[in-house]
2 protein chains.
Amino acid sequence: MREGKQEFAEWLASRKLRVTGERMAVLDEVMRANGHIDIDYLQEQFRKQKRPVSRATIYRTLSHLVQSGLVQKVLTGEGQARYEKMYGRQHHDHMICLGCGEIIEFTNDEIERLQDWVCHKKRFTIVTHTLQIKGFCEKCSAQKASVEGGATDHRRHGRN
Amino acid sequence: MREGKQEFAEWLASRKLRVTGERMAVLDEVMRANGHIDIDYLQEQFRKQKRPVSRATIYRTLSHLVQSGLVQKVLTGEGQARYEKMYGRQHHDHMICLGCGEIIEFTNDEIERLQDWVCHKKRFTIVTHTLQIKGFCEKCSAQKASVEGGATDHRRHGRN
DNA sequence: ACAGATATCGAGACTCAATCTCAACACAAG
DNA sequence: CTTGTGTTGAGATTGAGTCTCGATATCTGT
């Protein structure tokens, strides 16, 4: 048993929730994917595998996975939320490219330490934190520079 | 002319957009409010003043204000977005209390500097960044501690 | 100040992610 | 097998935010 199956099963049991095929399938897919995926991606995977799982179940299971700490929800502020596995991984923050949508992960212990310090000073008890840096990745920055002078409006028109 | 009226008027003119009563009224309200407000609050204010402004117009105007840099949009990940004036204020980050919903502002130059450095290392061009720390403010932390052992489930049931 | 050109407004329809409802189903324990 | 309870999926619902379009207000040139 690998990739968090045991942990999730135990977490479910501890809450008197059942270990079902659908739940394990969702866990499997999130763990197999190595990026920041969304619900559409998951549903598509299940469809391909001829083992459709309803959106409601995917949403419900992801919610459980997030609560169990095995998966993290990433709100980019553009359309759907995305999810990434956290099992066996350490906390990290995100840079989100406004050009191609790529999400780059990074960590910086010093920033974390400073956050703790600031919160301690304000007597604020940290539960979670999110640091998102939006801008343009190396590739999109170069592309943008080469078109300079033209229409460089990369704004998205979805909700944000 | 104060509180960004001039700036907003000029910004609108620069884009061949018109300076209307509705737009100035929205600017006024956001500037008058000294917290992190939402659309409902604004609409309520206009209703009280017997000068109703439609939601569509409020949304459209806030979008302009954000683009002009006079106002900042804050996505807490719970329900509606909130807005705060930025005119005459410096950038800051947020701590969001999961108990009472209060938003505490803070700044830390060292964190900003480290962000720049991390992005430089990854050749990422920063446009904006958001640092949100979720947890419990001093008051809610104390309250939580005093109820310890009981039902301490502060999770929200709205979308997040 | 007036008129024409055009941006803006408001009411309500619409979009879309996410959640909820509920009847059918599955599973564990007696 | 039966009962109790958790789960599922299809589709309805919610709710923030956006769009449409006829009526209206603002700007610009004269």
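Just so it is clear: chains get the letters A, B, ... in the order the sequence lines come, proteins before strands, and each one is counted from 1.
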Using C1' atoms of five pairs at each end, report the bend of the helix from dA1(C)-dT30(D) to dG30(C)-dC1(D) rounded to 10 degrees.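 The end-segment axes of the helix from dA1(C)-dT30(D) to dG30(C)-dC1(D) are tilted 30° relative to each other.
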
Backbone of [Y] reached by a side-chain donor or acceptor of [X] within 3.5 Å:
| X | Y | result |
| --- | --- | --- |
| T57(B) | V53(B) | no |
| T125(B) | S141(A) | no |
| K134(B) | T76(B) | yes |
| S63(A) | Y59(A) | no |

Given side chains that start at C-beta, do those of L17(A) and R23(A) come closer than 4.5 Å, heavy atoms only?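 A side-chain contact exists here, since the closest heavy-atom pair is under 4.5 Å.
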
How many whole angstroms separate atom [atom1] of [X] from atom [atom2] of [N]?
| X | N | atom1 | atom2 | value |
| --- | --- | --- | --- | --- |
| L75(A) | dA16(D) | CG | C1' | 14 Å |
| L62(A) | dA17(C) | CG | P | 15 Å |
| R82(B) | dA16(D) | CZ | P | 13 Å |

In residues 25-50 of chain A, what residues come within less than 4.0 Å of DNA chain C, judged by heavy atoms?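 Residues of residues 25-50 of chain A under 4.0 Å from DNA chain C: none.
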
Find the distance between CG (L75(A)) and NE2 (H94(A)) and round it off to the nearest 0.5 Å.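 L75(A) CG to H94(A) NE2: 11.0 Å, rounded to 0.5 Å.
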
Pairing of [X] and [Y] as salt bridge, 4.0 angstrom limit:
| X | Y | value |
| --- | --- | --- |
| E105(B) | R89(B) | yes |
| E29(B) | K85(B) | no |
| D40(A) | R47(A) | no |

Using atom names, set out every protein N or O paired with an N or O of nucleotides 5-11 of chain C below 3.5 Å, distance rounded to 0.1 Å.
{"unit_1": "dT6(C)", "atom_1": "O2", "unit_2": "R18(B)", "atom_2": "NH1", "d": "2.7"}
{"unit_1": "dT6(C)", "atom_1": "O2", "unit_2": "R18(B)", "atom_2": "NH2", "d": "3.0"}
{"unit_1": "dA7(C)", "atom_1": "O4'", "unit_2": "R18(B)", "atom_2": "NE", "d": "3.4"}
{"unit_1": "dA7(C)", "atom_1": "O4'", "unit_2": "R18(B)", "atom_2": "NH1", "d": "3.2"}
{"unit_1": "dA7(C)", "atom_1": "O4'", "unit_2": "R18(B)", "atom_2": "NH2", "d": "3.4"}
{"unit_1": "dT8(C)", "atom_1": "OP1", "unit_2": "R18(B)", "atom_2": "N", "d": "2.9"}
{"unit_1": "dT8(C)", "atom_1": "OP1", "unit_2": "R23(B)", "atom_2": "NH1", "d": "2.4"}
{"unit_1": "dT8(C)", "atom_1": "OP1", "unit_2": "R23(B)", "atom_2": "NH2", "d": "3.0"}
{"unit_1": "dT8(C)", "atom_1": "O5'", "unit_2": "R23(B)", "atom_2": "NH2", "d": "3.4"}
{"unit_1": "dC9(C)", "atom_1": "OP1", "unit_2": "T20(B)", "atom_2": "OG1", "d": "2.8"}
{"unit_1": "dC9(C)", "atom_1": "O3'", "unit_2": "E22(B)", "atom_2": "OE2", "d": "3.3"}
{"unit_1": "dG10(C)", "atom_1": "OP2", "unit_2": "S54(B)", "atom_2": "N", "d": "3.3"}
{"unit_1": "dG10(C)", "atom_1": "OP2", "unit_2": "S54(B)", "atom_2": "OG", "d": "3.2"}
{"unit_1": "dG10(C)", "atom_1": "OP2", "unit_2": "T57(B)", "atom_2": "OG1", "d": "2.4"}
{"unit_1": "dG10(C)", "atom_1": "N7", "unit_2": "R60(B)", "atom_2": "NH2", "d": "2.9"}

Does H92(A) have more than 12 heavy atoms from other residues, nucleotides or ligands lying within 6.0 Å of its NE2?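 Yes, enclosed.
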
Reckon Y59(A) has a side-chain N or O less than 4.0 Å from the OP1 or OP2 of dT19(C)?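 Checking Y59(A) against dT19(C): no side-chain N or O falls below 4.0 Å of OP1 or OP2.
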
